[in-house]
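To start, the structure itself, in structure tokens.
Letters A, B, ... are given to chains in the order of the sequence lines, protein chains preceding strands, and every chain is numbered from 1.
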Amino acid sequence: MSEVIVITSGKGGVGKTTTTANLGVGLAMRGKKVVLVDTDTGLRNLDLLLGLENRIMYDLIDVTEGRVHFKKALVRHKKYESLFLLPTSQVKDKSAVNPEQLVRLCNDLRQEFDYVLIDCPAGIEQGFQTAIAAADWALVVTMPEISAVRDADKIIGELGRADKENIKLVVNRIRPQMVEKGDMLDMDDINDILSIECIGQIPDDEKVVTSTNRGEPVISLDDSQAGQAYRNVVGRICGEDIPFMTFPKESFFQRLRHALGM
Amino acid sequence: MMSEDIVKLKGTKTGLQISFAPGVTFQAIEKNIKRKLESGSGFFMRGTVVEIAPNLLRHADWERLRVLFRRHGIVFRMSKPSVDKPADSLLEEAAKKKKKAREREVEQMVVVDRTLRGGQEIRTESSVLVCGNVNPGAQIIAGGSIDIRGTCRGLVHAGAFGNSKAFIIADRLMPMQIRIANFIARSPDQPETSDKAERASIKDGQIVIEPIER
Ligand SMILES: Nc1ncnc2c1ncn2[C@@H]1O[C@H](COP(=O)(O)OP(=O)(O)OP(=O)(O)O)[C@@H](O)[C@H]1O
Ligand SMILES: [Mg+2]
């Protein structure tokens with residue numbers, strides 16, 4: 001049974017695309033057949049994160065408008081053979097695809113793949129409605145700050161209106177020191193407001209940025225905390241019961257070193 | 001048949017009366033209503049009461065529609081059979097009317113059995129019972145009182161059409177603002193939390209909040 005999952009957030013820049021790329025690689029590392037569909041038409045960057053930009057021949061719009069079969073537009077990942085990207089156009093806008101077209105496409109993709117992950121644009125406009133239309137369930141990404149959580153709450157409400165009741169949460173860019181000092185919302189605060197199942201707590205990790213620049217998502221690095229956290233999310237998506245990581249607090253010396261700017 | 005004709009709605013004092021074109025299937029009815037609800041055109045406002053004449057639908061179908069409406073925050077219920085029999089006497093008729101009005105008042109509570117999220121709004125002349133939280137950015141404007149079986153962090157306005165006897169109850173009452181009739185109280189900048197349910201009402205010309213037992 002294949003699953004279509006939309007990755008969405010409300011507020012922009014909280015890590016939807018990063019999450020989509022990492023989960024895609026993670027599922028492929030487990031041997032699943034995965035396709036990532038970029039619906040952020042006009043601002044596409046999922047291909048960058050996967051290091052596939054130079055291999056794109058056709059895009060989502062070519063497929064939905066019937067110019068090519070989807071198989072022709074798929075780009076296979078260099079390293080993970082069962083991972084594919086369906087890129088979108090950089091020149092068209094969000095109105096180029098409508099919900100019915102995406103539903104039809106996803107039904108075709110279901111025949112070939114175990115997982116279809118849809119990277120959603122920010123906001124609640126037409127692009128959002130199109131991206132969620134085909135999804136079996138939704139993954140809402142947020143950050144531990146008030147405005148991102150409020151927007152996540154709105155998105156959860158919108159998903160409910162569209163009859164998408166199965167919604168899970170990933171909290172990204174957690175900074176344990178800030179949480180401890182009370183400068184960032186902690187998980188209790190977030191769960192209290194959003195009250196949906198949380199399946200991921202990803203620390204803020206500069207390796208996310210450096211790995212992005214290399215086109216190699218952080219989940220494939222053994223020595224990254226964010227990578228481990230994403231591997232745990234993948235396990236939970238596959239139905240495993242995995243406890244949440246606890247983040248080591250800074251030792252006194254580390255703190256001293258930070259204070260001295262070392 | 002024009003799809004517009006499948007479902008007919010008529011405004012009444014308490015909300016909307018729904019009826020269906022003769023001979024259409026339940027599937028068509030359900031689809032039509034679903035589309036209306038999802039069009040987001042504000043066709044049905046949250047908190048609206050939709051009434052249906054008894055015996056118009058099979059029970060199972062009725063139940064399906066009730067669930068569908070409820071998901072959109074709309075109350076779906078049977079209307080009382082219409083009084084088309086000749087009245088026995090004027091007196092009896094008057095008494096009946098009075099009783100009916102009283103029943104309406106009791107009945108008139110909008111029940112929301114989920115969390116109200118940011119951007120969602122309930123606006124009604126009657127009272128509101130929320131079985132869930134009222135999140136920041138959500139809003140309830142009620143002619144009557146408001147009872148929240150959960151945490152209230154949104155904006156709540158009870159007695160919005162002048163009833164200063166209206167009150168607000170919540171398991172955890174920590175809204176940005178409380179309004180009752182034309183009184184406004186703003187939350188303190190350093191909110192204190194109480195583990196008791198609380199009730200806000202107007203006493204001596206101001207909004208007071210006191211703990212209550214439930
Ligand atoms: N856990 C993390 N630690 C550090 N940086 C991160 C983390 N997650 C994401 N980022 C950085 O945050 C930025 C935004 O991430 P991303 O593009 O995935 O967000 P998005 O939600 O897809 O944005 P948009 O709404 O514009 O599509 C990127 O520069 C990314 O490298
Ligand atoms: Mg993105």
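Listed here is the closest heavy atom pair of His72(B) and Arg161(A): CE1-O, 3.8 Å. What you find for Arg117(B) and Ile156(A) is that their closest heavy atoms are NE-CG2, 3.2 Å.
With a 4.5 angstrom heavy-atom cutoff, Asp192(A) touches chain B via backbone and side-chain atoms both. Contacts of Ile196(A) with chain B are made by side-chain atoms alone, with heavy-atom separations under 4.5 Å and no backbone atom involved.
Counting heavy atoms of neighbouring residues, nucleotides and ligands inside a 6.0 Å radius, atom CZ of Arg114(B) exceeds 12 of them. Taking a 6.0 Å sphere around CD1 of Ile242(A), one finds it holds more than 12 heavy atoms contributed by other residues, nucleotides or ligands. In this structure, Lys154(A) places its NZ atom where only 12 or fewer heavy-atom neighbours from other residues, nucleotides or ligands lie under 6.0 Å away.
In this structure, Arg71(B) and Asp163(A) have side chains that are in contact, with non-hydrogen atoms separated by less than 4.5 Å.
With respect to Arg153(B) and Asp153(A), no salt bridge is recorded, no charged nitrogen being found less than 4.0 Å from a carboxylate O.
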